[in-house]
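The basis for the numbers below is simple: all heavy atoms, side chains too, and nothing from hydrogens, waters or symmetry mates. Chain letters run A, B, ... following the sequence lines, proteins first and then strands; every chain starts at 1.
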Number of protein chains: 2
Amino acid sequence: MTKEMPTVWARQPKRQQRDQPALSREQIVSAALELLDAEGPEALSMRKLGARLNAGATSMYSHVANKEELLELVVDDVHGEIQLPETPANWREAVSGCAHSLRDTYLRHPWMAATVGSVPLINISPNMLRMSDYLLQALTSAGFSYKAADQALNAIAAYLIGAATFEAAWLVTIQRSGQSEEQWLEKLMPAAEEAIKNYPHVLQAYQAQTEQSDNSREANFSNGLTCILDGLEARLEKV
Amino acid sequence: MTKEMPTVWARQPKRQQRDQPALSREQIVSAALELLDAEGPEALSMRKLGARLNAGATSMYSHVANKEELLELVVDDVHGEIQLPETPANWREAVSGCAHSLRDTYLRHPWMAATVGSVPLINISPNMLRMSDYLLQALTSAGFSYKAADQALNAIAAYLIGAATFEAAWLVTIQRSGQSEEQWLEKLMPAAEEAIKNYPHVLQAYQAQTEQSDNSREANFSNGLTCILDGLEARLEKV
DNA sequence: TGCGGGTGTCGTACAGTGTGCGTAATGACG
DNA sequence: CGTCATTACGCACACTGTACGACACCCGCA
């Protein structure tokens, strides 16, 4: 026998219980998800979670090894929300549709980006595999070799996680301030300008940005994505 | 007066103390850094930090508002380790040198990637501004407009953070297992193959990868980076 | 020289955390 | 009916971040 791996995905699910226990893994996971969305990751405690489920503080431990494993499950659950375009016209559309859906999902659950970084072996969680498989299919059938497709996938995934991390951090900061994005921006501006003033190029970029019209976060995201896709496409054509 | 911003960078440093107090901000930050490197982020507690500094558990609060702010300072401190090429031959070299140094830095402190996601307003921390300014300078003097350079910077930064996140998560997982990367891989393989088996394209990519020789993490990172740079360069030429 | 007052340090205390353990209840099977 | 496996739960432990108040120190001023 191989020694057990310290990850949920390798662990056998518990033998099907014959009776109907009050708690189930899915209930626990979805309650945790609600709590995370409502109050953020630092507010998620096993006691609160138990309370929300009308259960004791330690009742969840029959269904979940520990808090970390619970988080793995929740993260994978959220990854299940990502929609994969069903009949994309080409590989770019497949990737781009998936990318935008991932972004939407991560921004709907702004704690995700900061959390994935501490979840081990995220690559072999079911819903991540589902997405990888989809993208590899799209890429290889467009002409990428499996090696090239794998590398492309890594690059894309890195960009997506990074972009989501920045954007989510921004949203969380605003959310915590309890103000609207405009109010927050207005209050931030003096401090930002003060911090920037000794960095001439940052200052210029800042000024160039404020007089531009289309600097929405969404446009910015698409822009970076297009950039990667262009780089990939160039390689595809070269072969 | 504008209301004070809830971030270290906007806050005035405390009035210079005339005597030589036992603790200083720098000491605290560097001790925290050591602790994080040695035992990981979940092992960093104010009490342990105090003990390491031969100080009481709450003595740090005269120099640092709270643990979160301490983390902001540590993160910026680490960002200070990133080396910026002094006389790059062209913009690609500038970006690439900076990128590799960032990667090295993040892998030297594997807790960084998971931590930056929960640090607010990272963009206006001094050492981040220093790097942004450097890159904007390199990009604009290569012909990018300030708007284009800003977008390019965002794309690059996202890729870097994302790539570091994946790689660091991998390293941390191995480190926690207390085994070498090879041992760990060997033990992981059966579980991974089991998890993969229903995803045909992932499986093929996996097989293609194992028979390849040059699939080092470093090569993978460079590859994705090159891909972005190619995409950027294409835009630069088009203008 | 003496004396406030400001500053840094630290002990105590409080509310809250994850979770190990023992126990009790529940239902299935022989 | 008894036996057994499984879940739920209360309690306890070690530990967390940090508010508060007391205390020791050093400064400039009288």
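- In terms of heavy-atom proximity, V74(A) sits nearest to A32(A) at CG2-CB, 3.9 Å.
- As a whole-Å value, the separation of M46(A) CE from dC9(D) P is 13 Å.
- Summarising the geometry, the separation between CG on L49(A) and C1' on dG16(C) is reported as 16 Å, rounded to the nearest angstrom.
- In this structure, K48(B) places its NZ atom 16 Å from P of dA14(D), rounding to the nearest Å.
- Between E42(A) atom CD and dT16(D) atom C1' there is a gap of 15 Å when expressed in whole angstrom units.
- Among the heavy atoms of the strands lying under 4.0 Å from S45(B) are primed sugar atoms or P, OP1, OP2 only; no base atom is included.
- In the interface, the side chain of R47(A) is not paired with the base of dG16(C) through any donor and acceptor atom under 3.5 Å apart.
- Under 4.0 Å is where a charged nitrogen must lie from a carboxylate oxygen, and between R176(A) and E42(A) no such pair does.
- Picking from dG10(D), dG17(D), dG18(C) the nucleotide with the shortest atom distance to the side chain of T58(A) gives dG10(D).
- Regarding I28(A), its CD1 atom lies at a distance of 11 Å from the C1' atom of dA8(D), rounded to whole Å.
- For L23(A), taking side-chain heavy atoms from C-beta onward, the closest of the listed nucleotides dA12(D), dA8(D), dC10(C) is dA8(D).
- Judged purely by distance below 3.5 Å, without hydrogens or angles, the side chains of H109(B) and E81(B) pair a donor atom with an acceptor atom.
- Distance from the side chain of H63(B) is smallest for dT9(C) among the nucleotides dT9(C), dC21(C), dT18(D).
- Checked against dT9(C), dA8(D), dC10(C), the side chain of S62(A) finds its nearest nucleotide in dA8(D).
- Between R217(B) and E181(B) there is a salt bridge, since a side-chain N of the basic residue sits under 4.0 Å from a carboxylate O of the acidic one.
- Counting any heavy atom pair closer than 4.0 Å across all strands shown, S59(B) reaches a base atom.
- Rounding to whole angstrom units, CG of residue L44(A) and C1' of dT16(D) are separated by 16 Å.
- The CZ atom of R25(A) sits 15 Å away from the C1' atom of dT6(D) (whole-angstrom rounding).
- With ring centers used as reference points, Y134(A) lies 6.0 Å or more from H201(B).
- A straight line from CD of E69(B) to C1' of dT18(D) spans 14 Å, rounded to a whole angstrom.
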